[in-house]
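What follows is a set of notes on a single structure, which appears directly below.
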Amino acid sequence: MINPTDSEKVAFITGGARGLGLETARQLGKMGMTVVLGVRDATKGEEAVKALRAEGIKADTVAADINTADGREKIRGELERTYGKLDVLVNNAGIHIEPEVSPLAPANNTSSVGPDVLRQTFEVNFFTPVQLTQILLPLLRKAPAARVVNLSSGLGSLSLHSNPEEWIYGLKPFAYDSSKTALNAFTVHLAQELRDTPIKVNSAHPGWVKTDMGGAEADLELSEGAKTSVELATLAPDGPSGGFFHLGQPLPW
Ligand SMILES: NC(=O)c1ccc[n+]([C@@H]2O[C@H](COP(=O)([O-])OP(=O)(O)OC[C@H]3O[C@@H](n4cnc5c(N)ncnc54)[C@H](OP(=O)(O)O)[C@@H]3O)[C@@H](O)[C@H]2O)c1
């Protein structure tokens with residue numbers, strides 16, 4: 001059912017042309033929000049928008065390289081000119097570029113991962129969401145009660161990683177894991193800074209989801225995988241801020 005207040009909300013989702021980003025946009029759009037897809041490739045963005053509009057969703061796209069200051073400024077400018085505020089920011093775009101370590105090939109590359117892989121992973125998974133959120137914060141403040149969702153991973157949890165009983169104990173792609181741990185730190189720090197505002201900031205673990213990143217063997221379908229982001233993007237005023245969640249359940253940091 002569409003919540004009438006959702007029909008005035010605007011959500012910006014990075015990595016919106018496919019995978020969890022597109023599905024999150026679809027689910028938020030079905031609630032009545034206007035969804036703006038952040039994409040790298042304008043053509044892919046237009047195709048995704050066309051598919052969403054065919055489902056009755058109010059959808060738009062901004063093509064920009066979010067990893068550059070110019071790209072982020074382009075996004076800020078277009079959102080400001082068109083909508084004047086931002087109700088939901090989903091920092092969804094992310095990379096995992098350590099193919100030698102995956103749920104199907106659990107291993108630990110900490111002693112061998114190269115600096116380029118570390119830097120590139122941190123650029124996309126940490127520095128970009130931090131800088132994009134910073135530049136969009138004035139627009140988030142203009143919304144009545146904005147929500148920021150940072151797409152983390154259970155693999156970012158140091159508590160789970162250090163517990164030999166946990167399934168991820170033997171699965172340690174160091175660049176990916178540590179970039180998500182850093183993103184979790186951003187969640188905690190920003191939520192504390194914004195504690196006296198209506199803005200809520202949380203980290204999401206979507207589960208192991210069938211996407212290009214998750215692979216065909218993953219246990220969750222896209223529709224289930226996007227639920228945690230959607231829940232955190234639509235939290236009630238008394239909902240949590242500065243937490244880490246999977247399908248409504250808190251996860252340890
Ligand atoms: N799938 C899982 O099992 C799983 C589990 C835990 C956490 N996550 C997290 O969930 C988020 C979405 O993952 P997904 O499974 O949907 O991944 P995906 O299918 O691989 O999609 C990744 C998305 O990120 C964008 N992207 C990739 N590299 C980028 C770059 N350098 N700059 C800007 N955008 C870039 C892609 O855009 P293009 O279309 O332009 O390439 C695409 O939209 C990620 O942050 C991931 O770490 C996923």
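None of these values were measured; they are calculated from a predicted model. Counting convention: from 1, in listed order, for ligands and their atoms alike.
More than 12 heavy atoms of other residues, nucleotides or ligands sit less than 6.0 Å from atom CD of E73.
The closest protein non-hydrogen atom to atom 14 (P) of ligand 1 is T211 OG1, 3.6 Å. For atom 11 (C) of ligand 1, the closest non-hydrogen atom of the protein is N92 O, 3.0 Å. Regarding atom 39 (O) of ligand 1, its nearest protein heavy-atom neighbour is R18 NE, 2.8 Å. The nearest protein atom to atom 34 (N) of ligand 1, hydrogens excluded, is given as A93 CB, 3.6 Å; this is a heavy-atom distance. Nearest to atom 4 (C) of ligand 1 among the protein's heavy atoms is G207 O, 3.8 Å. When hydrogens are left out, the protein atom nearest atom 26 (N) of ligand 1 is R40 NH2, 3.9 Å; that is the closest non-hydrogen contact. Distance from atom 22 (C) of ligand 1 to its nearest protein heavy atom, with residue and atom name: G94 O, 3.8 Å. When hydrogens are left out, the protein atom nearest atom 16 (O) of ligand 1 is L20 N, 2.8 Å; that is the closest non-hydrogen contact.
A cation-pi arrangement is found for K172 relative to Y169, the charged atom lying closer than 6.0 Å to the ring centre and inside a 45° cone about the ring normal.
Using a 4.0 Å cut-off between a side-chain N of Lys or Arg and a carboxylate O of Asp or Glu, E47 and K50 do not qualify as a salt bridge.
At a heavy-atom distance under 4.0 Å, only side-chain atoms of I95, from C-beta outward, approach ligand 1. Looking at K180 against ligand 1, only its side chain comes within 4.0 Å, counting heavy atoms. At a heavy-atom distance under 4.0 Å, no atom of T128 approaches ligand 1.
An N or O contact shorter than 3.5 Å is missing between H205 and ligand 1 by distance. Not a single N or O atom of G19, backbone or side chain, sits closer than 3.5 Å to an N or O atom of ligand 1.
Under 3.5 Å, the side chains of N108 and T110 contain a donor-acceptor pair of N or O atoms. Between the side chains of D60 and T82, not a single donor N or O lies within less than 3.5 Å of an accepting N or O.
Heavy-atom contacts of S153 reach the following atoms of ligand 1: 6 (C), 7 (C) (cutoff under 4.0 Å). Which parts of ligand 1 touch Y176 is read off a 4.0 Å heavy-atom cut-off, strictly below it: atoms 6 (C), 7 (C), 8 (N), 9 (C), 46 (C), 47 (O). The atoms of ligand 1 that sit less than 4.0 Å from any heavy atom of G214 are 1 (N), 3 (O). In summary, the atoms of ligand 1 found under 4.0 Å from a heavy atom of W208, numbered by their order in the structure, are 3 (O). Short contacts between ligand 1 and N67, defined as distances under 4.0 Å to a heavy atom of the residue, involve ligand atoms 30 (C), 31 (N), 32 (N), 33 (C).
A parallel orientation is assigned to the rings of W253 and F244, their planes being inclined by less than 30° (bins at 30° and 60°).
Between the N109 side chain and the F174 main chain, a donor and an acceptor come within less than 3.5 Å of each other.
The shortest heavy-atom distance from S152 to ligand 1 is under 4.0 Å. Using a 4.0 angstrom heavy-atom cutoff, D41 does not count as in contact with ligand 1. Heavy-atom distances between P206 and ligand 1 reach below 4.0 Å in at least one pair.
Scanning all heavy atoms of the two residues, the minimum distance from G71 to A64 falls at O-CB, 3.5 Å. Shortest non-hydrogen contact noted between S178 and L118 is OG-CD2, 4.4 Å. The minimum heavy-atom distance between V201 and S241, with the atom names listed, is N-OG, 3.0 Å.
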side-chain contact (heavy atoms from CB on, under 4.5 Å) between E123 and R119, worked out: CA-CA 6 Å; E123 195 64 49; R119 285 207 181 86; over 6 Å; no
Trace of the side-chain hydrogen bond (donor to acceptor under 3.5 Å, both in side chains) decision for N92 with T24: CA-CA 9 Å; N92 168 84; T24 301; 5.0 Å; no
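We find the CG-NE2 distance between D177 and H96 to be 7.0 Å, quoted to the nearest 0.5 Å.
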